[in-house]
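Bear in mind the structure is a predicted one, so any value in this text is a computation, not a measurement. Sequential numbering from 1 along the given sequence is applied to the chain's residues.
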Amino acid sequence: MVDQSDIVELPAIPSDAPEWVRALPSNGRFVDRTKLYDITGHILFDSLLNSNGIRHFFFFMANEQQAQRAQKAFNGDLTNPSSSSHDDSTINDKFEVRVAFHLGEGICGHKGIVHGGLTATMLDEVSGAAAFSCVGPCFTANLNIDYLKPLMTPAWVLVRAHVERHEGRKVFIHGTVENGEGIVYAKAVGLFIKPKLSVKEHVQQHQEKE
């Protein structure tokens, strides 16, 4: 008998999406972000996800082991996430997150060209997801972006991020924005830090001060 909890519902990728987008389910493990944490107020889900902004986005990790570790990280169940010598064999992998974004025409700076701030938002979001998968909830400390080519709209883009190295509470990330076929529009190097207090504790402290 099949364990229903192990069934992952694959996304309904549009039939007119590029071949590299439609191939993503066969080259990685789909992760449903809505099942990892409370998305209320999240910038992608609550503000940008619409027909004129980000029309679709599909989130994949490299393999099943990394997806399971990501689930543990988001749940706060990693046994020792701050250790750079974690006994989990997946720590030796370069945690990689790949997200296909379908961009509409209402996210421009110059007419017809994606706003650089949205490019930064996509890189920050995907890089943060890679860092989360390594150490659990963390914050962006630094994100340096090189903009290489203008990104025209509408478009499908592939945003990739992987953990370059991990030192205690610090996670160093490399990320790119590509067209899925080798053309790179932007690349980033980031530092993410797992806070000493949990995200929930930070929010509670802020609320108590108000």
| Pairs touching residues 119-144 that satisfy salt bridge (Lys or Arg N to Asp or Glu O under 4.0 Å), sequence neighbours left out | Arg33-Glu125

| said: Assigning hydrophobic clusters by single linkage (Ile, Leu, Val, Met, Phe, Trp, Tyr; side-chain heavy-atom cutoff under 4.5 Å), is Val184 placed with Val189? | reply: no

| task | With sequence neighbours left out, write down each residue that passes ring-ring contact (aromatic ring centres under 6.0 Å, His included) with Tyr147, or none if nothing qualifies. | result | none

| Do you reckon Ile183 sits in the same ILVMFWY cluster as Met152, going by side-chain contacts under 4.5 Å, direct or chained? | no

| request: Search all heavy atoms of Pro195 against all heavy atoms of Pro137 and return the closest pair with its distance. | output: CD-O, 3.5 Å

| field | Short side-chain to backbone donor-acceptor contact, Arg29 and Met61, under 3.5 Å | value | no

| task | Kindly write out the residues that satisfy salt bridge (Lys or Arg N to Asp or Glu O under 4.0 Å) with Glu164, not counting sequence neighbours, or none if the list is empty. | result | Lys94

| Between atom CG of Leu24 and atom CD1 of Ile13, what is the distance when rounded to the nearest 0.5 Å? | 6.0 Å

| request: Apply the test side-chain contact (heavy atoms from CB on, under 4.5 Å) to residues Val126 and Phe101: give CA-CA distance (whole Å), side-chain angles for both, the deciding distance (0.1 Å), then the verdict. | output: CA-CA 11 Å; Val126 179; Phe101 289 91; 3.9 Å; yes

| field | Arg98/Leu158 under side-chain contact (heavy atoms from CB on, under 4.5 Å): CA gap, chis, key distance, verdict | value | CA-CA 7 Å; Arg98 290 172 290 162; Leu158 176 65; 4.0 Å; yes

| said: Can you tell me how far apart CD1 (Ile145) and CG (Leu148) are? Round to the nearest 0.5 Å. | reply: 11.0 Å

| message | Restricting to non-hydrogen atoms, name the atom on Phe192 and the atom on Cys138 that form the minimum distance, rounded to 0.1 Å. | response | CB-SG, 4.0 Å

| said: Count I, L, V, M, F, W, Y as connected when their side-chain heavy atoms are under 4.5 Å apart, and connections chain through other members. Are Leu151 and Leu143 then in the same cluster? | reply: yes

| request: Would you list the pairs meeting salt bridge (Lys or Arg N to Asp or Glu O under 4.0 Å) in which at least one residue belongs to residues 172-192, sequence neighbours left out? | output: Arg160-Glu178

| request: Taking side-chain hydrogen bond (donor to acceptor under 3.5 Å, both in side chains) as the test, write out the residues that go with Thr119, two or more places apart. | output: none

| query | Considering residues at least two apart in sequence or located in another chain, which fulfil the ring-ring contact (aromatic ring centres under 6.0 Å, His included) criterion with His174? | reply | His162

| Residues forming a side-chain hydrogen bond (donor to acceptor under 3.5 Å, both in side chains) with Asn144, sequence neighbours excluded | Asn142

| message | Please find the pair of heavy atoms, one from Pro25 and one from Phe60, that lie closest to each other, and give the distance. | response | CA-CE2, 3.5 Å

| remark: Closest heavy-atom pair, Ile193 versus Ala141, reported as atoms and distance to 0.1 Å, is CD1-CB, 3.8 Å

| Which pair of non-hydrogen atoms, one from Val135 and one from His166, has the smallest distance, and what is that distance? | CG1-NE2, 3.4 Å

| field | Heavy-atom closest contact (Cys134 atom, Val163 atom, distance) | value | CB-CG2, 4.1 Å

| message | Quick check: do Leu191 and Lys170 have side-chain heavy atoms less than 4.5 Å from each other? | response | yes

| So if you build clusters from Ile, Leu, Val, Met, Phe, Trp, Tyr with side-chain heavy-atom gaps below 4.5 Å, do Phe45 and Leu123 land together? | yes

| task | Compute the ring centroids of Phe132 and Phe95, then answer whether they are less than 6.0 Å apart. | result | no

| task | Walk me through it: do Leu49 and Ile54 pass the test side-chain contact (heavy atoms from CB on, under 4.5 Å)? | result | CA-CA 5 Å; Leu49 191 61; Ile54 295 175; 4.2 Å; yes

Just distance, no hydrogens or angles: give the donor-acceptor pairs under 3.5 Å from side chains in residues 16-23, sequence neighbours left out.
unit_1 : atom_1 : unit_2 : atom_2 : d
Glu19  : OE1    : Arg22  : NH1    : 3.2
Glu19  : OE1    : Arg22  : NH2    : 3.4
Trp20  : NE1    : Asn179 : O      : 2.9
Arg22  : NE     : Ala17  : O      : 2.9

For a quick test of your reading: what N or O donor-acceptor pairs under 3.5 Å do the side chains of residues 107-116 make, sequence neighbours left out?
unit_1 : atom_1 : unit_2 : atom_2 : d
His115 : ND1    : Gly117 : N      : 2.7

| note | Residues passing the side-chain hydrogen bond (donor to acceptor under 3.5 Å, both in side chains) test with Ser26, sequence neighbours excluded, are none

| said: Filter on salt bridge (Lys or Arg N to Asp or Glu O under 4.0 Å), then keep only pairs touching residues 126-148, sequence neighbours left out; what's left? | reply: none

| query | With sequence neighbours excluded, what pairs up with His102 under the side chain to side chain contact (heavy atoms under 4.5 Å, CB included) test? | reply | Arg55, His56, Trp156

